[in-house]
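As the structure is a prediction and not an experimental result, all values here were calculated from the model.
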Amino acid sequence: MTRRVAIVGIDGAGKSSVMARLRELAPAGDHAAFASMTCPDFHNTRDVPLTDLSKQLKAFSVGCDEISSLEMKATAMYLQMTLFGPVERHFLDTWAPDVLVFERHPLIELLVYGPLYVALARPEWDGHDREAEIAAVLERHRPGTFDDILAWQRSESSRLGSAPDIWLLLSEIADLVGREITASVAGFAARFRTTLPDAVLWLDVPPEQAAARCAERSAGGVKEAHETAERLTALREGYLRVRDTLAAAYPHVGFHRIDTGDGVDLDESVRTCVTEGKLFG
């Protein structure tokens, strides 16, 4: 049976770098032993389904940053995660690897970002007020994108029996976040078509260092709305809460903290990931 391991952490924690090193350590080309997938930018993983839609949802997320709408950004991030289940199933059905490593995992991330969705789901917010604005941004970058995204949301709402209006997603997510933890996880599991991973490797970095890394990475481009030291601090606290939540409600899910702060040897961090996550052998 495939062991599924999630690499998580705030933006700037080094997830992409650690994933790249893990791929270097993995048996070359042996999908039966090790496979990895990026999330939520699934199109950065070769030979997976829904790549066009993944690119469109990425454009949606970037467009939300351009118009500085945190509410729309949260909606875009959620919709990106709805592709997780089909992509994961592709890996399991095609290769059935011994180990499948995810860069992020939707159920872990929703537990972390849940308070943000609750805070943003204000009764007075109405995404229809800015729908034309985001549609125009997307039309400049990827024509037809917004129509395809709306069609995906309608198909998902039909599958789940939920409201088809894309701008009601914040309220739906906030409602699920507010439920008892096992009911909340079960509700999101149905939406993302997945289950909790077998192990979580949390890459931990001081938020100030992470914010500086994010600023350097996005120099000259559009900075993501949540990449401030203050918001990254709140998200780091979210991972601490998830650690305690998993220990209490899901003790079978291993949770390991890996230090990736400045001055820490990345190779040593990767070796720790391999050892604590029992990735190879």
Report task. Evaluate the side chain to side chain contact (heavy atoms under 4.5 Å, CB included) criterion for residues Arg154 and Arg159: first the C-alpha distance (whole Å), next the side-chain angles of each, then the deciding distance (0.1 Å), finally the verdict. Result -> CA-CA 9 Å; Arg154 286 193 296 270; Arg159 178 178 69 84; over 6 Å; no
Requested in this report: Before giving the answer on side chain to side chain contact (heavy atoms under 4.5 Å, CB included), spell out for Val5 and Asp198 the whole-Å C-alpha distance, their side-chain angles and the decisive distance to 0.1 Å.
Outcome: CA-CA 6 Å; Val5 180; Asp198 299 298; 5.7 Å; no
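By the side chain to side chain contact (heavy atoms under 4.5 Å, CB included) test, His128 pairs with Asp126, Glu131, Asp165, Trp167, sequence neighbours left out. Evaluation of the salt bridge (charged side-chain N to carboxylate O under 4.0 Å, His left out) rule for Asp262 yields Arg213 as partners, not counting sequence neighbours. Shown here are the ring-ring contact (aromatic ring centres under 6.0 Å, His included) partners of His90, two or more places apart in sequence or in another chain: Trp95.
Going from atom NZ of Lys55 over to atom CG of Asp148 covers 13.5 Å, rounded to the nearest 0.5 Å. Between the CD1 atom in Ile166 and the CH2 atom in Trp152 there is a gap of 12.5 Å [rounded to 0.5 Å]. Distance NZ/Lys73 to CD1/Ile134: 10.0 Å, rounded to 0.5 Å. One distance of note links CD of Glu237 with CG of Leu232; it measures 11.5 Å at 0.5 Å rounding. To the nearest 0.5 Å, atom CG of residue Leu120 and atom OG of residue Ser171 are 10.5 Å apart. The distance from atom CG of Leu92 to atom CD of Glu88, rounded to the nearest 0.5 Å, is 5.0 Å.
Proximity of the aromatic rings of Phe102 and Phe91 is defined here by a centroid distance below 6.0 angstrom, and this criterion is not met.
Salt bridge status for Asp175 with Arg179: present, with a side-chain N to carboxylate O gap under 4.0 Å.
When the options Val18, Ile7, Leu22 are evaluated for a side-chain contact (heavy atoms from CB on, under 4.5 Å) with Leu201, the one that passes is Ile7.
Transitive grouping of hydrophobic side chains (ILVMFWY, heavy atoms separated by less than 4.5 Å) keeps Leu168 and Phe60 in distinct clusters. At a threshold of 4.5 Å between side-chain heavy atoms, the hydrophobic network of Ile, Leu, Val, Met, Phe, Trp and Tyr places Val8 and Tyr250 in one connected group. Follow the hydrophobic side-chain contacts under 4.5 Å out from Leu240 and you reach Val177 in the same cluster. Leu83 and Leu160 are members of different hydrophobic clusters when ILVMFWY side chains are connected at heavy-atom separations under 4.5 Å. Hydrophobic clustering, with ILVMFWY side chains joined whenever heavy atoms are under 4.5 angstrom apart, groups Leu50 together with Leu79.
In this pair, Phe42 and Phe84 present their aromatic rings perpendicular. The plane angle is above 60°, beyond the 30 to 60° band.
A distance-only check finds a donor-acceptor pair linking the side chain of Glu139 to the backbone of Gly144 [under 3.5 Å]. Looking only at distances, a side-chain donor or acceptor of Lys15 sits under 3.5 Å from a matching main-chain atom of Ile10. At least one donor-acceptor pair under 3.5 Å links the side chain of Glu172 to the backbone N or O of Ala163.
Under the 3.5 Å distance criterion, with hydrogens and angles disregarded, a donor-acceptor pair is assigned to the side chains of Glu180 and Thr182.
Between Asp204 and Asp259 there is no side-chain heavy-atom pair separated by less than 4.5 Å.
Heavy-atom neighbours of Glu230 CD from other residues, nucleotides or ligands within 6.0 Å: at or below the threshold of 12.
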